[in-house]
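Chain identifiers are assigned alphabetically (A, B, ...) following the order of the sequence lines, protein sequences preceding nucleic acid strands; residue numbering begins at 1 within each chain.
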2 protein chains.
Amino acid sequence: MKKTVDIITRLSEHGYRLTPQRMMVLAAIEKSDHHISAEEIYAQVVTKYPHFNISTVYRTLELLHRLGLVTETDLGGGRVRYHPADKGHHHHLVCQECGRVIDLDESVMDHLKLVLRRDYNFEPDIRHMAFFGTCADCGK
Amino acid sequence: MKKTVDIITRLSEHGYRLTPQRMMVLAAIEKSDHHISAEEIYAQVVTKYPHFNISTVYRTLELLHRLGLVTETDLGGGRVRYHPADKGHHHHLVCQECGRVIDLDESVMDHLKLVLRRDYNFEPDIRHMAFFGTCADCGK
DNA sequence: AAATTTATTGCAAGCTTTTGCAAATAAAAT
DNA sequence: ATTTTATTTGCAAAAGCTTGCAATAAATTT
């Protein structure tokens with residue numbers, strides 16, 4: 001399990017600056033126990049740093065995602081949710097009827113990953129997927 | 001291959017009204033040879049119907065998607081793209097480096113669909129997926 | 001054919017996310 | 001320690017999409 005300090009090292013190694021804003025966004029994501037939204041990160045940081053702007057949250061999230069340190073997932077609800085990539089890769093089933101979110105083990109995507117690599121020579125970024133559909137209860 | 005008239009029948013059967021706006025949105029989607037965006041549909045219809053509003057496009061697309069007549073897919077580029085569901089189910093690989101879009105046969109998702117149905121009793125709506133990643137050329 | 005009912009539309013406002021740009025500042029060079 | 005540099009930030013505006021609501025109009029009933 002990677003720690004915040006390792007992510008900081010990665011940023012530094014890639015030549016990105018270690019700004020207080022980035023450190024606070026990172027802390028908010030790492031300490032969150034759920035799939036956090038940009039607005040939630042903003043709300044946490046702005047209490048300590050009143051000038052803080054939400055566009056910095058989005059830019060930091062884009063950077064962390066591009067470096068593979070954070071996953072971005074649309075779980076419905078009209079906003080994207082973020083999760084530290086090191087806190088376990090997993091996927092979700094989202095019921096479009098009742099909104100229920102079912103956790104899925106990472107391994108369910110292994111076969112598809114293999115096919116895309118082998119048959120299409122494509123390296124997919126499948127670390128945190130959400131599939132929409134109808135759950136057992138709602139399907140009668 | 002389903003025709004526009006069949007979609008109109010389905011709408012009518014479900015008790016939805018056959019308004020001129022809906023007919024024009026439908027015509028724009030059906031006659032498009034690519035994955036069309038809401039803005040493109042709006043631009044086409046508004047030339048014939050100046051009062052036309054883009055919120056009607058989004059509401060019509062949501063309805064057609066809910067009835068399974070149209071697929072919604074994020075192919076990158078900051079906007080969702082729409083496609084008639086009857087024009088062949090297929091999927092895409094989107095390269096995050098060069099933006100290249102590779103077409104994928106519907107069957108690549110068969111195994112995953114089976115697993116989700118069998119092991120999770122979940123009926124997934126996997127009719128038009130896009131997977132992001134790195135294509136053969138960009139992966140060196 | 002007219003009246004009734006109820007879904008749908010247009011409009012305006014709002015929400016989430018992105019972007020251009022000048023000012024600020026982290027890190028490197030002196 | 002100071003200056004230089006290039007990245008990053010805050011701000012404002014905009015893009016894409018959604019939603020509340022009163023007015024409109026499709027379809028049903030009379």
Side-chain angles (χ1 to χ4, degrees), chain A residues 8-26 28-29 35-43 45-67 70-82 96 99 130 132, chain B residues 8-26 28-29 35-43 45-67 70-82 96 99 130 132:
Chain A
I8 292 171
T9 306
R10 293 269 313 259
L11 285 177
S12 192
E13 280 170 359
H14 282 79
Y16 295 105
R17 293 183 183 170
L18 307 178
T19 67
Q21 291 93 330
R22 279 178 181 165
M23 296 304 102
M24 289 186 281
V25 169
L26 199 46
I29 300 169
H35 299 82
I36 199 168
S37 69
E39 181 62 38
E40 286 168 350
I41 295 169
Y42 171 73
V45 176
V46 82
T47 60
K48 293 183 178 177
Y49 199 99
H51 278 291
F52 190 56
N53 193 276
I54 199 161
S55 62
T56 300
V57 177
Y58 283 107
R59 283 191 275 229
T60 302
L61 289 169
E62 187 276 329
L63 172 63
L64 294 172
H65 179 246
R66 184 154 36 81
L67 296 178
V70 157
T71 59
E72 293 184 2
T73 316
D74 174 12
L75 291 171
R79 78 203 55 200
V80 175
R81 302 231 158 234
Y82 301 86
Q96 283 167 321
F132 294 86
Chain B
I8 292 171
T9 306
R10 292 268 313 260
L11 285 177
S12 191
E13 279 169 0
H14 282 78
Y16 295 104
R17 294 182 183 169
L18 306 178
T19 66
Q21 291 92 332
R22 278 177 181 164
M23 296 305 100
M24 287 187 281
V25 169
L26 198 47
I29 300 169
H35 299 81
I36 199 169
S37 70
E39 183 61 37
E40 286 169 349
I41 296 169
Y42 171 74
V45 176
V46 82
T47 60
K48 293 184 177 176
Y49 200 99
H51 278 291
F52 190 57
N53 194 277
I54 199 160
S55 62
T56 300
V57 176
Y58 284 108
R59 284 190 275 229
T60 301
L61 290 169
E62 188 276 329
L63 171 63
L64 295 172
H65 180 245
R66 185 155 35 80
L67 296 179
V70 156
T71 60
E72 293 184 1
T73 316
D74 173 14
L75 291 172
R79 79 203 55 199
V80 174
R81 302 232 158 232
Y82 301 86
Q96 283 168 320
F132 293 86

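In this structure, A:L63 places its CG atom 15 Å from P of C:dT19, rounding to the nearest Å. In this structure, the OH atom of B:Y58 is 13 Å from the P atom of D:dT19, given to the nearest Å. Between the CG atom of B:N53 and the P atom of D:dT19 there is a distance of 15 Å, given to the nearest Å. A:L11 has its CG atom 11 Å from the P atom of C:dA27, to the nearest Å. Going from atom NE2 of A:H14 over to atom C1' of D:dT8 covers 18 Å, rounded to whole Å. Between the CZ atom of A:R81 and the P atom of C:dT16 there is a distance of 10 Å, given to the nearest Å. Atom pair B:E13:CD and D:dA26:P shows a separation of 21 Å (rounding to whole Å applied). Rounded to whole Å, atom C1' of C:dT16 lies 13 Å from atom CG of A:L61.
Within the 4.0 Å cut-off from OP1 or OP2 of D:dA25, not a single side-chain nitrogen or oxygen of B:Q21 is found. Within the 4.0 Å cut-off from OP1 or OP2 of C:dC11, at least one side-chain nitrogen or oxygen of B:H51 is found.
Side chain of A:H65 to main chain of A:L61: no donor-acceptor pair is present (N/O by atom type, distance under 3.5 Å, no hydrogens or angles). Within the 3.5 Å criterion, the main-chain N or O of B:A38 finds no donor-acceptor partner in the side chain of B:R79. The main-chain N or O of A:T56 is found under 3.5 Å from a side-chain atom of A:T60 such that the two form a donor-acceptor pair.
Out of D:dC17, D:dA26, D:dC11, the shortest distance to the side chain of B:T19 is found at D:dA26. Among C:dT16, D:dT18, D:dC21, the nucleotide with an atom closest to any side-chain atom of A:R79 is C:dT16. The listed nucleotides are C:dG10, C:dC21, C:dT16; the one nearest the side chain of A:R59 is C:dC21. Distances were taken from every side-chain heavy atom of A:P20 (C-beta onward) to each of D:dC17, D:dG10, C:dA26; the shortest belongs to C:dA26. Comparing atom distances between the B:A38 side chain and each of D:dT8, C:dC11, D:dC17 picks out D:dC17 as nearest.
Residues B:F132 and B:L75 come closest through the heavy atom pair CZ-C, 4.1 Å. Residues B:V80 and B:E72 approach most closely at CG1-CB, 4.1 Å, considering heavy atoms.
A 4.5 Å side-chain heavy-atom check between A:V70 and A:I29 finds at least one atom pair inside the cut-off.
Among the protein residues, B:I54 comes within range of no part of the nucleic acid, since none of its heavy atoms lies under 4.0 Å from any strand. Among the protein residues, B:R22 comes within range of the sugar-phosphate backbone only, with heavy atoms under 4.0 Å from sugar or phosphate atoms but none that close to a base. Nucleic acid contact for B:G78: sugar-phosphate only, since backbone atoms but no base atoms lie under 4.0 Å from a heavy atom of the residue. Counting any heavy atom pair closer than 4.0 Å across all strands shown, B:Y49 reaches sugar-phosphate atoms only and no base atom. Within the nucleic acid shown, A:S55 comes within 4.0 Å of at least one base atom, counting heavy atoms only.
Judged by atom type and distance alone, A:R17 reaches the base of D:dT7 through a side-chain donor-acceptor pair under 3.5 Å.
Place B:L18 and B:Y82 on DNA chain D by their nearest nucleotides, and B:Y82 ends up nearer the 5' end. In terms of position on DNA chain C, the residue among B:T56 and A:S37 whose nearest nucleotide sits closer to the 5' end is B:T56.
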